[in-house]
2 protein chains.
Amino acid sequence: MPGQKAPEETRREQILTAAHTVASRHGIDGLTVRAVASRAKLSHGLVLFHFKRKDELVTALLDRVLETTFLLTVSEQVLELPDARDRFVAAIRQEMDRLSQEPRRMRLFFEYWALGSRHSRVRTKVSTALSSYRAAFRTFAEDVLRTDASRFSDVTPEGLAAIAVSLIYGCAVQAMIDPAGFDISAYRASAQGVLGHSGTRATKRGPRVLAAAIPA
Amino acid sequence: MPGQKAPEETRREQILTAAHTVASRHGIDGLTVRAVASRAKLSHGLVLFHFKRKDELVTALLDRVLETTFLLTVSEQVLELPDARDRFVAAIRQEMDRLSQEPRRMRLFFEYWALGSRHSRVRTKVSTALSSYRAAFRTFAEDVLRTDASRFSDVTPEGLAAIAVSLIYGCAVQAMIDPAGFDISAYRASAQGVLGHSGTRATKRGPRVLAAAIPA
DNA sequence: TTGTCTATTGACCAATTGTTCAATGTATGT
DNA sequence: ACATACATTGAACAATTGGTCAATAGACAA
């Protein structure tokens with residue numbers, strides 16, 4: 001007995017959110033049409049009515065994952081930091097904290113990343129998402145290099161942005177697999193040390209604002 | 001008609017190598033008992049005779065993957081570098097090159113990493129492998145901090161080692177998904193710039209040996 | 001030879017999967 | 001009221017999966 005109808009886009013959204021929860025909990029392997037349908041309290045036939053192939057559902061979910069994973073939103077307090085290096089480091093720390101607190105999303109991303117080696121569509125999407133994420137950090141990196149060219153020789157803005165991404169994702173990778181043994185705070189401090197603080201002249205102001213902007 | 005026998009350990013090895021090739025090509029999803037058996041030219045029943053459960057096969061393969069992925073072997077030329085920072089950077093560059101040239105193994109590792117969030121046995125193995133890999137870099141990191149404490153304030157050996165791991169794996173992650181768009185050489189140069197070269201005093205000797213040790 | 005042990009095979013099973021489709025309900029227009 | 005369009009359901013199907021098991025072939029000892 002077919003149930004009630006629902007507006008077009010609502011159903012797709014409903015199915016996608018169900019797919020997101022399922023994939024978050026059981027991985028892409030566990031993302032079956034029936035599991036999604038059950039989660040959304042729909043028949044599995046209906047899921048395949050709105051997404052003609054399972055592949056389409058998987059790809060649509062990828063879009064959603066990438067949108068929420070690679071959205072770099074820096075708080076105003078960070079942007080107001082006077083020193084370019086402080087801004088750069090603060091943005092990195094903020095992202096490290098954010099992603100470390102969303103392990104499921106992180107895991108899902110890496111599953112898609114691995115999938116990308118066999119599915120060209122997935123690869124393209126992940127690739128461009130990583131590129132734009134890097135681009136977001138390049139703005140900060142350019143400021144750093146402009147005001148601090150002496151310390152970083154041979155460092156390009158694009159390269160420095162890529163390093164920022166590595167530091168963030170490397171932190172998540174190591175922290176998630178071993179939450180007890182991996183010392184996140186030591187990692188953050190070391191990352192900051194390697195990239196360099198704002199120096200002695202801003203010691204009194206910078207770090208304090210930083211601590212307020214990034215709750216531990 | 002049952003075929004010929006084979007020495008005990010030979011069969012397990014044979015099956016494991018077959019499993020490795022299958023998983024390398026088609027991922028852990030594609031690692032089916034029948035696919036492995038077919039690859040090893042055996043019956044699928046025999047695979048389950050030597051590995052009572054599929055889980056056991058997957059875990060045994062993980063050991064093999066971790067052994068070959070996280071084995072840090074630094075060339076003698078790197079160890080002979082006079083400057084601690086040069087050794088550190090050279091070891092990192094060497095690993096970046098090595099792992100970037102083995103994308104399949106890299107992908108397989110991340111699949112296991114993601115699997116670790118649901119399988120505690122896998123998680124434990126991956127976790128300890130990452131720990132020992134970090135420990136290998138900590139030796140270099142300690143030397144760096146001992147000779148260069150001024151530049152790296154608040155940086156701990158463990159933290160610096162973790163950053164090395166992040167730089168290496170971050171490079172592989174970004175380079176593999178977008179081989180064309182990601183500038184590896186710029187990344188390497190930037191990483192070296194951030195960590196700092198040996199400075200002006202060793203410019204004549206260090207870098208040249210480095211270039212010889214790490215073929216581009 | 002005879003017998004025992006075990007490696008090996010392939011048939012078989014139950015469960016799960018993606019996908020199709022006829023049937024049926026709901027909404028909307030005329 | 002009637003018809004048309006379409007969202008929705010669940011049965012059904014073929015393919016694939018991990019796993020079991022009886023039958024059998026090889027190796028080796030007595």
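In what follows, chains carry the letters A, B, and so on, assigned in the order in which the sequence lines appear, proteins first and then strands, with residues in each chain numbered from 1. FYI, side chains are in, hydrogens and waters are out, and symmetry mates aren't considered; it's all heavy atoms of this structure.
- Take A/Arg34 and apply the salt bridge (charged side-chain N to carboxylate O under 4.0 Å, His left out) test, not counting sequence neighbours, and it matches no residue.
- Taking the charged nitrogens against the carboxylate oxygens, A/Arg64 and A/Glu67 have no contact shorter than 4.0 Å, which rules out a salt bridge.
- Distance, A/Arg12 CZ to D/dC6 P: 17 Å, rounded to whole Å.
- Checked against the 6.0 Å centroid criterion, the rings of B/Phe109 and B/Tyr169 qualify as a close aromatic pair.
- For A/Tyr112 (side chain) and A/Val58 (main-chain N/O), a donor-acceptor pair under 3.5 Å exists by modelled atom type.
- Protein atom NZ of B/Lys52 is 14 Å distant from nucleotide atom P of D/dC21, rounded to whole Å.
- When rounded to the nearest whole Å, the span between CD1 of A/Ile15 and C1' of D/dT8 equals 11 Å.
- Atom-to-atom, CG of B/Leu57 to P of D/dG19 comes out at 10 Å; the value is rounded to the nearest Å.
- Distance, A/Phe49 CZ to C/dT24 C1': 14 Å, rounded to whole Å.
- For B/Arg39, the CZ atom counts as loosely surrounded, since its 6.0 Å shell holds 12 or fewer non-hydrogen atoms of other residues, nucleotides or ligands.
- Nucleotide D/dT9 holds its C1' atom 8 Å from the CG atom of A/Leu46, rounded to whole Å.
- Ion pairing between B/Asp97 and B/Arg188 holds under the 4.0 Å rule for side-chain N and carboxylate O.
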Extract from the structure each pairing of a protein N or O with an N or O of nucleotides 15-18 of chain C at less than 3.5 Å, listing the distance.
unit_1, atom_1, unit_2, atom_2, d
C/dG18, OP1, A/Lys54, NZ, 2.8
C/dG18, OP2, A/Val33, N, 3.2
C/dG18, N7, A/Arg34, NH1, 2.7
C/dG18, O6, A/Arg34, NH2, 3.0

